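Notes follow once the structure below has been shown.
Reckoned from all heavy atoms, side chains included, excluding hydrogens, waters and symmetry mates. Keep in mind it's a predicted model, so treat the numbers as computed, not measured. Every chain is numbered from 1 and lettered A, B, ... according to where its sequence line falls, protein lines coming before strand lines.
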There are 2 protein chains.
Amino acid sequence: MDTRTRIIVAAMELFWEKGFNSTSVADILSRSQVNSGSLYHFFPGKQDVLIGVLEAYRDGIGEMLLAPAWDGVADPIEKIFALLARYRRHIVETDCVYGCPIGSLALELHEPDPVVRALLAANFANWTAAVEARLVEAAERLPADLDRKALAEFVLTAMEGAVMQARTHRDVAYFDRMVAMLRAHFAMLTARRRAGLAPA
Amino acid sequence: MDTRTRIIVAAMELFWEKGFNSTSVADILSRSQVNSGSLYHFFPGKQDVLIGVLEAYRDGIGEMLLAPAWDGVADPIEKIFALLARYRRHIVETDCVYGCPIGSLALELHEPDPVVRALLAANFANWTAAVEARLVEAAERLPADLDRKALAEFVLTAMEGAVMQARTHRDVAYFDRMVAMLRAHFAMLTARRRAGLAPA
DNA sequence: GTCTATAAAAGGATAGAC
DNA sequence: GTCTATCCTTTTATAGAC
């Protein structure tokens, strides 16, 4: 693994574990086994390392997140819940300290520069686009007048909020209850489609 | 206003504007017009100022948040949406940089000490308890088998997630679409109650 | 309880040889 | 591209007079 990549990987881990502000450049150097001079050769400053990390998340969403989550799952709506199940696994495996790396950075950085903010937004947009595509695949089971973009975003916001609650309360049950509510929401939508009713 | 209160108020504002880690003790001293010696007379350290801030939020939820939001609103379900409208106003008034002060701290602090974590959890618990109480008031319009605690938490998680999205994209529309989805959810629940159907 | 001065450490970033 | 040494600023916290 080349030096630049080692730095990005180390920073990715550290920003996720401790946040951006609580991670020092010394932390990154120590974990990546790189010297100060090398890091500043590749990156003008700490903020540019963050940009590299956010680009890596953006470019890796398919391979790192979606593909593993959807392995062996064919049904489009089940793919959405399989994605949520992936987050549940992260929560359990970290004893409920898991935080979505993008969501945590989005709330930690109060005055991000435009490039950073755009990358955070792009990461969220890719996530919802992937969910929205599954809703399009399942179109015949959902109400014809459904706002698919809004529902895809709703899944993301519910996931982010639930991760926050599970983490704060140190209890996966908060995440599970969110999933149950979303399941109920989808059940009511498909019921509405089957009944051929006008919008509720 | 006494010194201790001035410190808490200044810190409350600063933690909300810049976050905990990005606020220095010097920032708090400057805004509150207090000297170093006085601050450390009242608080052992910066973290204890945070504890004071979280206690103030916890003790002030009724007066600072719920009462203003519910002024002139009688219907229990509308009170829930009036609370969300309050957040919408904050978002608009801050040009979409608004972040929920508790939610932001919950994600920024990756290894909070037990007292801080418990206070964050207590703040969330009070919020959902207030929503849950409105759901109890509206019980006759909702399905009998509804998990009211889960729905109250769902409202909180959706709000937190939507505030995150609106802020990251710098666009209230993300918040508005979440509210529309929640409205649809409530509409489907009340329709289910009126139809007297079994759980979807 | 409040004031000023300052200690002690950590942080981001740079210099310059190799 | 990599190495070591180091500068400079910021930050939390303390000392001790009043």
- side-chain contact (heavy atoms from CB on, under 4.5 Å) with A:D2: which residues, sequence neighbours excluded?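 side-chain contact (heavy atoms from CB on, under 4.5 Å) check on A:D2 returns A:R4, A:T5.
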- Task: Indicate the ring-plane relationship of B:H90 and B:Y98, choosing parallel, tilted or perpendicular according to the 30° and 60° boundaries.
- Result: parallel
- Item | Partner residues of A:F154 under the ring-ring contact (aromatic ring centres under 6.0 Å, His included) criterion, sequence neighbours left out | A:H185, B:F154
- Message: Taking the six-membered ring of B:Y40 as reference, does the cationic atom of B:K46 (NZ for Lys, CZ for Arg) lie under 6.0 Å from its centre and within 45° of its axis?
- Response: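 Cation-pi check for B:K46 and B:Y40: fails.
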Distance check needed: [N] [atom2] versus [X] [atom1], whole Å only.
X: B:F42; N: D:dA13; atom1: CZ; atom2: C1'; result: 17 Å
X: B:I7; N: C:dT2; atom1: CD1; atom2: C1'; result: 11 Å
X: B:N35; N: C:dT4; atom1: CG; atom2: P; result: 5 Å
X: B:H41; N: C:dG1; atom1: NE2; atom2: P; result: 5 Å
X: A:K18; N: C:dA10; atom1: NZ; atom2: P; result: 12 Å
X: A:L29; N: D:dT4; atom1: CG; atom2: C1'; result: 13 Å

- Message: Base contacts versus sugar-phosphate-only contacts with protein, heavy atoms under 4.0 Å: please encode nucleotides 11-18 of chain C as B, S and - from 5' to 3'.
- Response: SSBB----
- Looking at B:R31, B:R6, B:K18, which one forms a salt bridge (Lys or Arg N to Asp or Glu O under 4.0 Å) with B:E13?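 Among B:R31, B:R6, B:K18, the one that satisfies the salt bridge (Lys or Arg N to Asp or Glu O under 4.0 Å) with B:E13 is B:R31.
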- Item | Common cluster, B:I102/B:V97, ILVMFWY with side-chain heavy-atom separation under 4.5 Å |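 Result: no, two separate clusters.
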